[in-house]
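This report concerns only the one structure given below.
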Amino acid sequence: MKKNAQKWFLIAAFMLVGFLITLQFKSVGSDYSFITIKTMSDLQNAVKREQDEINQIISLIEAQEEKLRNYEAAIASDGSIQEILVQDIENMKIHSGFYDLEGPGVMVLLSDSDRDLYEGEDPNNVIVHDADVLRIINDLKIAGAEALSINGQRVLSTSEIQCAGATITINQFTYAQPFVIKAIGNYDLLNAAIKAPNTYAWELKEVFGLRVESHVSERVRIPRYHGQRQLQYVSVKEGE
């Protein structure tokens with residue numbers, strides 16, 4: 001009788017332990033949810049953007065340190081930094097969009113995908129968003145772009161790029177697809193920022209099926225900054 005009691009006690013104990021383990025697995029499992037490829041990609045891109053911003057800040061610090069050394073050298077040689085200041089003003093005008101620019105670079109064509117959606121897929125996966133354009137612009141800057149434009153609008157540090165449906169607004173001008181990004185600089189490096197495997201543009205094309213094309217040219221023309229005006233709707237034909 002005593003052995004039977006012990007036997008039933010052990011069985012009950014094992015059943016209780018099994019129940020508690022199952023309950024624990026359910027509790028742990030409820031804390032997790034499925035993560036889509038798009039979500040993982042967005043998280044990776046967010047980390048990449050932060051790293052790029054840190055690298056840009058480091059580059060700015062190094063540029064300012066170089067400028068300070070130039071000032072010190074000019075003062076030591078002839079006691080004047082007038083020529084350096086004049087050149088600095090000219091460089092500021094160039095980077096502030098005062099002049100039309102022309103030089104070697106790339107032209108990037110970006111538009112929505114025309115593929116069919118997979119079952120249950122988010123339609124946003126096949127649409128170009130302002131974040132996509134901004135990321136490509138940042139990648140081109142990191143690759144050494146000296147000047148940039150989107151559909152003929154000069155891109156400055158103060159330019160805002162906003163998505164509205166199938167259109168993008170930049171400098172308060174709204175443009176329909178395709179979005180044409182132009183960049184002046186070393187076209188080999190700029191082209192690699194678009195076409196090299198695992199770049200953001202490559203991912204948009206190969207993973208999500210968006211239309212992304214890049215072409216190099218010896219003569220890429222980027223207009224000067226015309227200022228922000230009243231909101232207009234402008235349609236740009238492909239290739240312009």
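Of all the heavy atoms in R221 and K182, the pair that sits closest is O-CD, 3.7 Å. Minimum heavy-atom separation, Y225 to N171: CE1-ND2, 3.5 Å. Of all heavy-atom pairs spanning S149 and I222, the tightest one is CB-CG2, 3.8 Å. Shortest non-hydrogen contact noted between A183 and A145 is CB-CB, 4.1 Å. In terms of heavy-atom proximity, E102 sits nearest to R219 at OE2-NE, 2.9 Å. Scanning all heavy atoms of the two residues, the minimum distance from V128 to S111 falls at CG2-C, 3.4 Å.
Residue D122 holds its CG atom at 8.0 Å from CD1 of I127, rounded to the nearest 0.5 Å. Taken from NZ in K195 to CD in E213, the straight-line distance is 8.5 Å, to the nearest 0.5 Å. Between the CD1 atom of I184 and the CG atom of L140 there is a distance of 12.0 Å, given to the nearest 0.5 Å. Taken from CE in M107 to CG in L190, the straight-line distance is 12.0 Å, to the nearest 0.5 Å. To the nearest 0.5 Å, atoms CD1 (I181) and CG (L110) are separated by 5.5 Å. Distance check, rounded to the nearest 0.5 Å: OG1 of T199 to CG of N191 gives 10.0 Å.
Counting non-hydrogen atoms of neighbouring residues, nucleotides and ligands closer than 6.0 angstrom, the CZ atom of F179 exceeds 12 such neighbours.
Cluster annotation: L189 is not connected to V216 through the hydrophobic network of ILVMFWY side chains, with a link wherever side-chain heavy atoms come within less than 4.5 Å. Both L210 and L134 belong to a single network of hydrophobic side chains, linked directly or stepwise wherever heavy atoms of I, L, V, M, F, W or Y lie under 4.5 Å apart.
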| message | Please determine whether side-chain contact (heavy atoms from CB on, under 4.5 Å) holds for the pair F208 and V126, giving the CA-CA distance in whole Å, both sets of side-chain angles, and the decisive distance to 0.1 Å. | response | CA-CA 6 Å; F208 299 104; V126 295; 5.8 Å; no

| message | Evaluate N151 against I170 for side-chain contact (heavy atoms from CB on, under 4.5 Å), listing each step before the verdict. | response | CA-CA 9 Å; N151 287 25; I170 174 171; 6.0 Å; no

| task | Take I168 and I150 through the test side-chain contact (heavy atoms from CB on, under 4.5 Å) and record every step on the way to the result. | result | CA-CA 10 Å; I168 282 182; I150 302 174; 5.5 Å; no

| task | Give the intermediate values and the outcome of side-chain contact (heavy atoms from CB on, under 4.5 Å) for residues V207 and N125. | result | CA-CA 10 Å; V207 177; N125 287 355; over 6 Å; no

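Residue pairs that meet the salt bridge (Lys or Arg N to Asp or Glu O under 4.0 Å) test with at least one member in residues 106-115, sequence neighbours left out, are R115-E121.
Between I54 and I58 there is a side-chain heavy-atom pair separated by less than 4.5 Å.
Residue W202 shares its hydrophobic cluster (ILVMFWY side chains chained together at separations under 4.5 Å) with no other residue.
A distance-only check finds a donor-acceptor pair linking the side chain of H129 to the backbone of N124 [under 3.5 Å].
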